[in-house]
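Below: the structure, in C-alpha cells.
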There are 2 protein chains.
Amino acid sequence: MTPIYFKFESLIQEKQERIINAAIKEFVKSGYDKASTNEIVKEAGISKGSLFHYFNNKKDLYLYLLDHTLKVIENNIYTDINFKETDIFNRIGQIGRTKLQVMTTYPQIFDFLKSAAADDSPEVKPEFVEKQKQVLAQGFEKIYKNIDWSKFREGIDIEKSVNIINWTMLGYAEKEKEKLISYSEAGVGQLEEWDRYAEILKSCFYKIEGE
Amino acid sequence: MTPIYFKFESLIQEKQERIINAAIKEFVKSGYDKASTNEIVKEAGISKGSLFHYFNNKKDLYLYLLDHTLKVIENNIYTDINFKETDIFNRIGQIGRTKLQVMTTYPQIFDFLKSAAADDSPEVKPEFVEKQKQVLAQGFEKIYKNIDWSKFREGIDIEKSVNIINWTMLGYAEKEKEKLISYSEAGVGQLEEWDRYAEILKSCFYKIEGE
DNA sequence: CAGTTATTGACTAGTCTGGTCAATATATTA
DNA sequence: TAATATATTGACCAGACTAGTCAATAACTG
C-alpha cells in the first residue's frame, strides 16, 4: 500500500521544505479558507499542476502539514528530552534550544499550530481537534516527567513558579526568534542568556544551597 | 471644519462599538487585503451602503480603526497611570487591570495592533509605521516613570528582572483573557491572582524587608 | 408640510479562486 | 536505441467573491 503522500515524499528534501514552508507561511497569514494555492506555488517556485499532483487538493495539503508538523515536534522535541535531567530549568532550557533548532528548518512551524488551533473553518476544524489530543496531551506530561520537585523551597507555590518559568522562557525565546529572523545572527539558537534568567529564578524558587 | 469621520461618530455609541468590533475582528482574522467588507457589515448588522456612507472606503475605515485604537490606549492606559505609585509590581498590575477593562469594550483591540504591525499590505503599511512611533515611544517611558528602582536587591540584574515581571504579567493576563472570552466570568478582569505572583517575585527581586 | 439626511440592498465590472488537463519534459526500462 | 511511464508545466475554466455605487426608501428635522 503506497501511502497517500508518496509522490510528495519522493521529492528531494530541499524541495519538500520549500513547499512546506511556503504553504505554512500562507496558511498562517490567511487561515485555511482564504489561503491561496496560487500564492503557495509562487512562493515555492513550482507550478500549479505540480502542487495538485503531490496533494490531491487544498484540504489534503493542509492535513499533511498538520500531520507533518506534529510528527516533527514528536520526533524532535519530545524524543530529545533527556529524562535523566531532573532539574526543571535545564529541562526547559533544553526543550527551548531544540525548538529554536527546529525553527531553523521550519521557521513558522509553531505559529502554524497556533493558527491552526485558532482556525475554525468547518472544512478542517474537526480534523484538527482530533489530531491535537493525540500528541499534545501525552507530550505535556513528558515535559515534566522525572522532574525533581523537592528542589523547590518549602511553602512556595510550585504551580505558579512553573508558570513563571514557562512564561519567562516563552518571552525570552520569542525575543531570540526575532533576532533569528531579522538577521540570521551567529550564536543565536543557543539561548545563551537563558542560564542567567534561570539563575535569577533559581535563587528565588529553590532551597538555599546545602540544606 | 467637520472632521472626516463626523458621520460615523454621530452614531449612538452602541452601534459604533458593534461596527468597530466587527471590523477589527475581520481585519485581525484576514489582514488588510483579504478582509471582506461584506463580512464586516454582516457581523455588524448594518447594510453595505451604510458602511461606505460612514467611511468612504476600506482604507479609510482601516485608518480610522488605527487612530481610534491608539487613542483608546492613550486615553485609558497611559492617562490612567498613577505616577505616585512607585512600586513596579503595583504599577504593572494596575496597567494590566486597565487593559483587561478596555478589552471588555473592544475585545480584540490589542490583537488588532499586533496584526496591524505584522500586516505588510503596501496600501496601509506606511501609514501604520508613521502612527506607531507617535504613541508607543512616549507610552513606553510612561510605564516606567517614577518607579523606585532602589527596592531591588544589590547586584541583581534589573533589566532581566523587569523582563521576567512583564512576561509573567503577559502570560497571566493571557490566561485571564481566555476566561473572559469563553465564559464571561464574574470576577474576571480583576487579575486577583496577580498579587500572588507579585509576592513570589518580590521575595526574589526586592531587598529583605527592613533594610 | 418640504427638505435634508440615513439606510438599504440589488447591482456592477472585475479579480481571484481551487482545480483540470492536454502538452511537454524527464526518467526508467527493455 | 525505442517505448513506456512518470513529473512538470501553465493556460484555462466556471463560479465565488470583491470593493464600491446608486436609485429608492425611510427617518428625522425645522
Side-chain angles (χ1 to χ4, degrees), chain A residues 2-20 22-66 119 121-124 127, chain B residues 2-20 22-66 119 121-124 127:
Chain A
T2 49
I4 309 180
Y5 303 108
F6 170 72
K7 288 173 195 160
F8 177 71
E9 285 169 342
S10 312
L11 266 35
I12 61 167
Q13 211 190 337
E14 187 270 337
K15 199 175 194 174
Q16 288 187 44
E17 283 172 13
R18 247 167 48 218
I19 295 170
I20 289 173
I24 283 184
K25 185 175 169 186
E26 176 67 9
F27 280 122
V28 168
K29 186 186 160 212
S30 307
Y32 177 79
D33 281 329
K34 297 189 177 180
S36 159
T37 52
N38 292 324
E39 199 57 39
I40 293 172
V41 299
K42 210 173 83 188
E43 173 90 14
I46 60 169
S47 72
K48 193 79 173 288
S50 286
L51 185 71
F52 286 88
H53 177 65
Y54 307 143
F55 310 94
N56 293 327
N57 50 52
K58 190 178 171 180
K59 185 176 176 178
D60 279 3
L61 164 61
Y62 188 83
L63 294 181
Y64 172 80
L65 289 176
L66 224 46
D119 207 308
S121 163
E123 193 98 16
V124 291
E127 278 86 347
Chain B
T2 51
I4 309 180
Y5 301 109
F6 170 72
K7 287 172 194 160
F8 176 71
E9 285 169 341
S10 311
L11 265 37
I12 60 167
Q13 211 190 336
E14 186 271 338
K15 199 173 194 175
Q16 288 187 44
E17 283 172 13
R18 248 168 45 219
I19 296 170
I20 289 172
I24 283 183
K25 186 175 168 186
E26 176 67 10
F27 280 122
V28 168
K29 187 186 159 213
S30 307
Y32 176 79
D33 281 330
K34 295 189 179 181
S36 159
T37 53
N38 291 327
E39 200 57 40
I40 292 171
V41 300
K42 210 173 83 188
E43 172 90 14
I46 60 169
S47 72
K48 193 76 176 291
S50 286
L51 185 72
F52 286 88
H53 177 64
Y54 306 142
F55 310 94
N56 293 327
N57 50 53
K58 190 178 172 181
K59 184 177 176 179
D60 279 3
L61 164 62
Y62 189 83
L63 295 181
Y64 172 80
L65 289 176
L66 223 47
D119 205 310
S121 164
E123 192 99 18
V124 292
E127 279 86 347

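Chain naming here is simple, since letters A, B, ... match the order of the sequence lines and numbering starts at 1 in each. Note: hydrogens, waters and symmetry copies are ignored here, and every other heavy atom, side chains too, is used.
- Put simply, the side chain of A:K48 never gets that close to the backbone of A:T37: no donor and acceptor are under 3.5 Å apart.
- In this structure the side chain of A:L11 reaches within 4.5 angstrom of the side chain of A:I19, judged on heavy atoms.
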Tabulate atom names and distances for all N/O pairs under 3.5 angstrom spanning the protein and nucleotides 14-16 of chain D.
none

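- Stem regions annotated for DNA chain D: C:1-30 with D:1-30, counting only runs of 3 or more consecutive pairs of Watson-Crick or G-U type with both contacts under 3.5 Å.
- At the phosphate of C:dT8, OP1 or OP2 sits under 4.0 Å from a side-chain N or O atom of B:S50.
- Remark: C1' of D:dA7 and CZ of A:F55 are 15 Å apart, rounded to the nearest angstrom.
- Figure legend: cation-pi geometry between B:K58 and B:F27 absent, as NZ or CZ is not positioned both under 6.0 Å from the six-membered ring centre and within 45° of its axis.
- Summarising the geometry, the separation between NZ on B:K7 and P on C:dT8 is reported as 15 Å, rounded to the nearest angstrom.
- Interatomic distance, CG of B:L61 versus CG of B:L51, reported as 5.5 Å (0.5 Å rounding).
- B:F8 has its CZ atom 14 Å from the P atom of C:dA6, to the nearest Å.
- Here the P atom of nucleotide C:dA10 and the NZ atom of B:K42 are 14 Å apart, to the nearest Å.
- Every residue meeting the ring-ring contact (aromatic ring centres under 6.0 Å, His included) condition with B:Y64, not counting sequence neighbours, appears here in chain and number order: B:Y5, B:F8, B:F55, B:H68.
- Interatomic distance, CG of B:L63 versus CD of B:E123, reported as 9.0 Å (0.5 Å rounding).
- With respect to B:E127 and B:K59, a salt bridge is recorded, a charged nitrogen being found less than 4.0 Å from a carboxylate O.
- We find that CD1 of A:I46 is positioned 14 Å from C1' of C:dG19, with the value rounded to whole Å.
- Sorted by first and then second residue, the pairs that involve residues 23-34 of chain B and meet salt bridge (Lys or Arg N to Asp or Glu O under 4.0 Å), not counting sequence neighbours, are A:E26-B:K34, A:K34-B:E26, B:K25-B:E43.
- Using a 4.0 Å heavy-atom criterion, one finds that B:Y54 contacts the sugar-phosphate atoms exclusively.
- Closest approach of A:V41 and A:S47 over heavy atoms only: CG1-O, 3.8 Å.
- With rounding to whole Å, A:I40 atom CD1 is found 10 Å from C:dT17 atom P.
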So which protein N/O to nucleotides 24-27 of chain C N/O distances come out below 3.5 Å?
none

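- The side chain to side chain donor-acceptor pair (under 3.5 Å) test with B:Q13 is passed by exactly one of B:Q16, B:E17, B:E9: B:E17.
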Polar atoms only, N or O, under 3.5 Å: list the protein pairs with nucleotides 17-20 of chain D and their distances.
from, atom 1, to, atom 2, distance (Å)
D:dT18, OP1, B:S36, OG, 3.0
D:dT18, OP2, B:N38, ND2, 3.0
D:dA19, OP1, B:A35, O, 2.6
D:dA19, OP1, B:K58, NZ, 3.0
D:dA19, OP2, B:T37, N, 3.0
D:dA19, OP2, B:T37, OG1, 2.8
D:dA19, N7, B:K48, NZ, 3.2
D:dG20, OP2, B:K58, N, 2.7
D:dG20, N7, B:K48, NZ, 2.8
D:dG20, O6, B:K48, NZ, 3.0

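- Atom pair B:L51:CG and D:dC22:P shows a separation of 17 Å (rounding to whole Å applied).
- Residue A:K15 places at least one side-chain N or O closer than 4.0 Å to OP1 or OP2 of D:dT8.
- For the OP1/OP2 pair of D:dT8 and a distance below 4.0 Å, the side-chain nitrogens and oxygens of A:H53 include no atom meeting the criterion.
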